[in-house]
Asks: 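One structure follows; several queries about it will come next.
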Amino acid sequence: MADKKSTTEKVKDTINEKIVDPAKKAGEAMKASGAKVAEGGSTVSMKLIDQAESNARQAFAALRAAAAAKDLSEVMKVQGDYLRDQGSRSMTQAREIGELIMQIGRDAVQPLKGKD
């Protein structure tokens, strides 16, 4: 009977197999998921900074063009062009951020699904 496991060893094995190992795997998956979220947050922050920088450059370019205008109608044209372009730029930027956030969510869920 030396080959047979004792009841205590069988219970330990069962507990490890059914409770401890799955809990460890779940903890590792949650840690990986958290890392993906943190990494994604940094990516979103950098994208927002890039967009703000681009918007500031466009605003200053419009201000320069308005300052160099010869008359009020030219100032109004510069302002209208800037507002139209900024509206379009804002929509594009919002879509980019939304897509990034959705991708971060998908990436963060992957470890929890047990897939790489």
Side-chain angles (χ1 to χ4, degrees):
M1 276 208 192
D3 318 11
K4 291 189 176 185
K5 288 185 176 182
S6 71
T7 303
T8 305
E9 290 172 332
K10 288 180 184 177
V11 169
K12 278 184 183 179
D13 289 347
T14 300
I15 289 173
N16 282 335
E17 181 183 328
K18 302 289 184 188
I19 298 172
V20 175
D21 292 343
K24 283 182 182 178
K25 288 178 183 173
E28 290 167 1
M30 290 177 70
K31 184 177 178 181
S33 178
K36 294 281 187 184
V37 170
E39 180 183 316
S42 178
T43 301
V44 169
S45 294
M46 291 304 295
K47 186 66 166 178
L48 287 169
I49 290 168
D50 290 345
Q51 289 177 351
E53 184 178 19
S54 174
N55 291 341
R57 276 196 308 273
Q58 295 296 324
F60 280 109
L63 286 171
R64 284 186 186 95
K70 294 175 182 51
D71 59 31
L72 184 60
S73 66
E74 194 174 335
V75 170
M76 297 300 287
K77 181 183 179 327
V78 167
Q79 182 181 22
D81 291 347
Y82 169 76
L83 290 174
R84 184 183 59 254
D85 292 345
Q86 182 57 38
S88 175
R89 211 173 15 257
S90 292
M91 295 281 285
T92 299
Q93 291 170 347
R95 186 174 45 257
E96 288 173 354
I97 295 299
E99 289 169 0
L100 263 177
I101 290 170
M102 287 183 356
Q103 185 60 49
I104 291 164
R106 285 189 294 268
D107 291 347
V109 170
Q110 281 304 99
L112 300 174
K113 289 182 173 181
K115 299 175 184 172
D116 292 335

Asks: Using a strict threshold of under 4.0 Å (side-chain N to carboxylate O), is an ion pair present between Lys24 and Glu28?
Replies: no

Asks: Hydrophobic clustering (ILVMFWY, side-chain heavy atoms < 4.5 Å, transitive) - are Leu48 and Ile101 grouped together?
Replies: yes

Asks: Would the distance check show the side chain of Ser54 and the main-chain N or O of Asp50 forming a donor-acceptor pair, the cut-off being under 3.5 Å?
Replies: no

Asks: Where is the tightest heavy-atom contact between Ala108 and Pro111, given as atom of each residue plus distance?
Replies: O-CD, 3.3 Å

Asks: Could you give all pairs that pass the side chain to side chain donor-acceptor pair (under 3.5 Å) test and reach residues 32-41, with sequence neighbours left out?
Replies: none

Asks: State plainly whether one hydrophobic cluster holds both Val20 and Val11, where clusters connect Ile, Leu, Val, Met, Phe, Trp and Tyr through side-chain heavy atoms under 4.5 angstrom apart.
Replies: yes

Asks: Suppose the criterion is side chain to side chain donor-acceptor pair (under 3.5 Å): which pairs have a residue in residues 70-82, not counting sequence neighbours?
Replies: Asp71-Ser73, Lys77-Asp81, Asp81-Arg84

Asks: Less than 4.5 Å apart, side chain to side chain, heavy atoms only: is that true for Arg106 and Gln103?
Replies: yes

Asks: Mind listing the closest non-hydrogen atom pair of Ile104 and Gly40 along with its distance?
Replies: CD1-O, 3.2 Å

Asks: According to side chain to side chain contact (heavy atoms under 4.5 Å, CB included), who are the partners of Lys47, at least two apart in sequence or on a separate chain?
Replies: Gln51, Glu96, Ile97, Leu100

Asks: With a 4.5 Å heavy-atom cut-off, do Met46 and Thr43 have their side chains touching?
Replies: no

